[in-house]
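Below is one structure, written out as structure tokens, with a few remarks after it.
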Amino acid sequence: MIKNSFNPNECHPYVRYGRMSDPSQNPRSPEQQFAMIDETLRRVGFPWVHVRDYRDDGITGRLINKRAGFNQMLSDIKSGILQVDLILVDTYERFGRAEELPALRRRLYNRFGVLLLTADSMFCDPTTVQGKALAMVEAIRSTEDGRIKAHNVIRGKRDVARLKHWPGGEPPFGFKLQTVMSDRNGRTEVDYSILVPNPETSWILQLIFRTAHENGWGTGRLAKFCNAHEDIPATFKPFYAATVGYWLQNPIYYGELLWEAHNTGIVEDRRIRERNVEEDMLRIADFCEPLIAREIWDAIRALRQERSARIKAARARNSDASAKLIDAPVPGLALKYLLTGLVRCGHCNRAMTPSSTQPYTTQGGTVKRYVRYVCPGYLEGACPNGTRVSEDWLREQVVGTIRERLFPGS
Ligand SMILES: [Zn+2]
């Protein structure tokens, strides 16, 4: 039994490790890997403290002995020069050959109290049961013949799910895990977990569904409603529209597990994640105790589909002759406005999103609309900063400043 004293909310010191895997394949540079680590860390919000970086440029994972940066890091840890709790990498593959990884990970942890965490698992703790399962999947994925083995792991998880046992990972909001013990060789062990309603959170989830059903509200309004609700403890706040939307469409709340393994892969230097086709999905009815009646779930779904069809139709009407002809290969952000993603809320640091007013007709007869950046947290009631910044004004200021820097005096 491994003692687990890791609490991600403490100020753990960490190093970043980056590695150029194969220069001929346009790999992500160590700088890009570090940026990914920072970005993920910002997103999960852990207060960890950066100590230093180690890197290897242009060396493949097969030659572990020739990786100077990697070996320097290990020897600094062993000698005690480097006092850190965590080594952060962007993906598990950065660490080298899969066969060596579990042993290395164990040795780092058992002998030096150093955890190896990856950004693509949102720094999931590898010493928990879920973390071990994830680490296993990651290790398998990083081998060349990993696809087949990863498939077997997924199949194993699907078999578990068919028995109505929770296949791993965080339980959905409103539920908690209940472990079922069994005796094996005279020892009592955790056999499997099932989902049961969590009395602390199930009522909140039911409130959201009920409110969505009775008032026909969209996810933004529901998130705002929850954030302002006095009976909901602050630990569950803030609520976000995207999360609420995710809950409203999850069939687990009427008791059905939808197992949809995602495919991940690297395409054109970007990590992509796509849903499997319907045949690869597994639906297990009566998987757990329902929190919501099926009729209510269906009614909300119908309402949401109708609303999104309306929005799509409105967008199609608004798009002009310069509509895109080529679809992006991966889901991403279409940069209609120059500064999208770069304008940050001064209060909460969320990326402010452009929003447009209703179109109106000027005296000259042209149709116009105002576009302003606004903090999405404000719209959801999670941030008090309600400032709206005019898109064309800000763009002119920024472009003007850039022009002045590049061509002074022109
Ligand atoms: Zn804000």
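Remember, it's 1-based here, ligands and their atoms both numbered in the order they're listed.
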Atom pairs and distances, side-chain donor-acceptor, residues 219-239, under 3.5 Å, sequence neighbours left out:
from   : atom 1 : to     : atom 2 : distance (Å)
Asn227 : OD1    : Phe239 : N      : 2.7
Asn227 : ND2    : Ala223 : O      : 3.1
Asn227 : ND2    : Phe239 : O      : 3.1
Asn227 : ND2    : Glu380 : O      : 2.7
His229 : ND1    : Asp231 : N      : 3.2
Lys237 : NZ     : Asn227 : O      : 3.4
Lys237 : NZ     : His229 : O      : 2.8
Lys237 : NZ     : Ile232 : O      : 3.2

Parallel, tilted or perpendicular: ring planes of Phe173 versus Trp247, cut at 30 and 60 degrees:
parallel
Is there a donor-acceptor pair closer than 3.5 Å between any side-chain N or O of Asn349 and the backbone N or O of Arg344?
no
Hey, which of Pro197, Pro199, Ser193 is the one that makes side-chain contact (heavy atoms from CB on, under 4.5 Å) with Lys176?
Pro199
Distance criterion under 2.8 Å: protein N/O/S atoms around the Zn ion (ligand 1):
4
Quick one: ring pair (Phe, Tyr, Trp, His ring centres under 6.0 Å) partners of Tyr192, sequence neighbours excluded?
His165
Which pairs pass side chain to side chain donor-acceptor pair (under 3.5 Å) with one or both residues in residues 35-47, sequence neighbours excluded?
Arg16-Asp38, Glu39-Arg42
